[in-house]
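As structure tokens, the structure follows; a few thoughts come after it.
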Amino acid sequence: MSLLGIGILLAGLLFLLLALGVYIGLALLLVGLAGLALFTTAPPGPNVATALWTSTSGWSLAALPLFVWMGEVLYRSRLAQSLFQGLAPLLARLPGGLLHVNVVASALFAAVIGSSAATTATVGRFTLPELLRRGYPKPLALGSLAGAGTLGFLIPPSVIMIVYGVMAEVSVARLFMAGVVPGVLLALLLMLTVALLAFFQRHRLPQEPPPPFGEVLRGSLTVLPVFLLILLVLGSIYLGVATPTEAAAIGVVGAFGITALRGELSLALFRESLLGAVRTTSMIGLILAGAGVLTLAMGFTGIPRALAAWAAEAGITPLLFVFLLSLVYVVLGWFLDGISIVVLTISVILPVVKAIGLDPLWFGVYLVIMVELAQITPPVGFNLFVIQSLTGEDLFRIARYSLPFMGVLLFMVVLLVAFPGLATWLPRTMTGG
């Protein structure tokens, strides 16, 4: 059978298993095992055992459960409610008023949680009821939250970046730094979009009274601990003082410190956050293990090498490749979650990326933005499901509210292609990593 036929057969088997409801990690493992057994001469047993071990034992992965735990601690505190109260007086005078709280609070939580869905759920639980109670238009409130929640994957520490770094053998520390400038720029673009949409609907927005100076000062003090934790974690990585794993440990201590200072630390919070981190890490570990087996099978069949050779011989330019790949990722985003998109495609795509001269570090940031787009594209947009669970609103109506913010994400991809230094400049200046 030709390589094209093998690839189509394995892809069909994978989507069949997913359609039957098989867990993504097990589906990847079974497809990899089938590929090894049916289309290669390699003994499946020892190779599968080796792949399972190597895909889950890398030192870079040690940061994953710690960053997840840090996010779980803050997710279970009342920090989001305090952030809304603290950010409201700081942002009330901007065009769009308190709608900007969705964006800024999501950016802050993205830097301590690392998950898009968790960011959307945590921020939306407190901002949506308050915004709707004050009379802000529902399309702007829900749409801005859906768009801003995607920052959870781009602004470090990011679970997706750790997964990509491990699979692509790219420094996780440099990936984190590569996401900082695009993440901040994307947050500013989202705020600009909110301001423009608010301007055209200004007659429907409530008038926020000027906050007294005392409220502004108290708001600044409320936000300060989160800023300090972000600076401590990312600053230690940037300066080379700590590895991502060590910085994650610092983050966990800092998260417990913030909850203790707020009087929220308890044995129940410790136990629930730890169990939540174990569940999330185990789920990601199973996906990585299955992806490791599938990657090994792909390597033995020679499909990635053949695809890379074809791309080089066909003279496909990086710009054309990114354009075509963007279309593929948009379609995959209709059906799959972010981590699944990464592990399904990276073993096949990465050899092509290297063959046509794209920087794997830059490509990691591009991939994360495309995964962010998948979070708000129906019918399987996780952020849309989160907002639906919070509001009871129709899923496709929420998706329609999110359309302007989907455009912002696509525009961010254009900026990243036009100015690759947005992703590569900061990692070049860091110490160590």
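Count residues from 1 along the sequence. Excluded from the calculations below are hydrogen atoms, water molecules and symmetry mates; all remaining heavy atoms, backbone and side chain alike, are included.
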Non-hydrogen side-chain atoms of Val194 and Leu140 separated by less than 4.5 Å: no
At their closest point, which heavy atom of Ala34 faces which heavy atom of Leu13, and how far apart are they? CB-CD2, 4.0 Å
With a 4.5 Å heavy-atom cut-off, do Val170 and Phe363 have their side chains touching? no
Atom pair CD1 (Ile369) and OH (Tyr366), whose distance is rounded to the nearest 0.5 Å: 9.5 Å
Just so I know, are the side chains of Val180 and Ile155 near enough to count as touching, which here means a heavy-atom distance under 4.5 Å? no
How far does CD1 of Ile284 sit from CD1 of Ile162, to the nearest 0.5 angstrom? 8.0 Å
Separation of Leu367 CG from Ile160 CD1 (nearest 0.5 Å): 7.5 Å
Distance from Leu33 atom CG to Leu38 atom CG, nearest 0.5 Å? 8.5 Å
Ser144 and Leu190, any side-chain heavy atoms less than 4.5 Å apart: no
Can you tell me how far apart OG1 (Thr193) and CG (Leu99) are? Round to the nearest 0.5 Å. 12.0 Å
Non-hydrogen atoms of Pro65 and Thr281 that approach each other most closely: CA-OG1, 3.4 Å
Does Thr150 reach the main-chain N or O of Ala146 with its side chain, forming a donor-acceptor pair under 3.5 Å? no
For Ala111 against Met70, the heavy-atom pair lying closest together: O-CE, 4.4 Å
Kindly give the heavy-atom pair with the smallest separation between Gly149 and Ser106, and that separation in Å. N-OG, 4.0 Å
side-chain contact (heavy atoms from CB on, under 4.5 Å) partner of Leu142, the single match among Leu384, Leu128, Leu131: Leu128
Could you tell me which non-hydrogen atom of Ile341 sits nearest to which non-hydrogen atom of Val371, and how far apart they are? CG2-CG2, 4.4 Å
Please lay out, stage by stage, how Thr301 and Thr40 fare under the test side chain to side chain contact (heavy atoms under 4.5 Å, CB included). CA-CA 6 Å; Thr301 61; Thr40 74; 3.9 Å; yes
Let's go through Thr119 and Leu151 carefully: what are the C-alpha distance in whole Å and the side-chain angles of both, what is the deciding distance for side chain to side chain contact (heavy atoms under 4.5 Å, CB included) to 0.1 Å, and is it a yes or a no? CA-CA 8 Å; Thr119 296; Leu151 292 168; over 6 Å; no
Could you check whether any side-chain N or O of Tyr329 sits under 3.5 Å from a backbone N or O of Ala374, counting only pairs where one atom can act as donor and the other as acceptor? no
Does any part of the side chain of Glu130, heavy atoms only, come nearer than 4.5 Å to the side chain of Val101, both counted from C-beta? no
Could you give me the CA-CA distance, side-chain angles and deciding distance for Trp362 and Leu358, then say whether side chain to side chain contact (heavy atoms under 4.5 Å, CB included) is met? CA-CA 8 Å; Trp362 176 92; Leu358 286 174; 4.2 Å; yes
From CG (Leu197) to CG (Leu192), nearest 0.5 Å: 9.5 Å
Between the main-chain N or O of Leu269 and the side-chain N or O of Arg76, is there a donor-acceptor pair closer than 3.5 Å? no
Go through the structure and list residues passing ring pair (Phe, Tyr, Trp, His ring centres under 6.0 Å) with Phe176, not counting sequence neighbours. Phe67
Close side-chain approach of Thr259 and Phe270, heavy atoms under 4.5 Å: no
Can you confirm whether Tyr238 sits close enough to Thr429 that some side-chain heavy atom of one is under 4.5 Å from a side-chain heavy atom of the other? yes
Between the main-chain N or O of Leu98 and the side-chain N or O of Tyr136, is there a donor-acceptor pair closer than 3.5 Å? yes
So, Ser282 side chain and Val278 main chain: donor-acceptor pair closer than 3.5 Å or not? yes
Could you tell me whether the side chains of Ser116 and Asn383 share a donor-acceptor contact shorter than 3.5 Å? yes
Which atoms form the tightest heavy-atom contact between Ile237 and Ala247, and what is the distance? CG1-CB, 3.5 Å
Okay, side chain of Ser389, backbone of Val386: is any donor-acceptor separation there less than 3.5 Å? yes
Testing the 3.5 Å rule here: is there a donor-acceptor pair between the side chains of Ser158 and Tyr164? no
Verdict with supporting geometry, Leu74 and Leu229, side chain to side chain contact (heavy atoms under 4.5 Å, CB included): CA-CA 11 Å; Leu74 297 176; Leu229 180 60; 4.0 Å; yes
Would you mind writing out the side-chain donor-acceptor pairs for residues 397-418 within the sub-3.5 Å range, not counting sequence neighbours?
{"unit_1": "Arg397", "atom_1": "NH1", "unit_2": "Glu393", "atom_2": "OE2", "d": "3.1"}
{"unit_1": "Ser402", "atom_1": "OG", "unit_2": "Ile398", "atom_2": "O", "d": "2.8"}

Is any side-chain heavy atom of Leu234 closer than 4.5 Å to one of Met177? yes
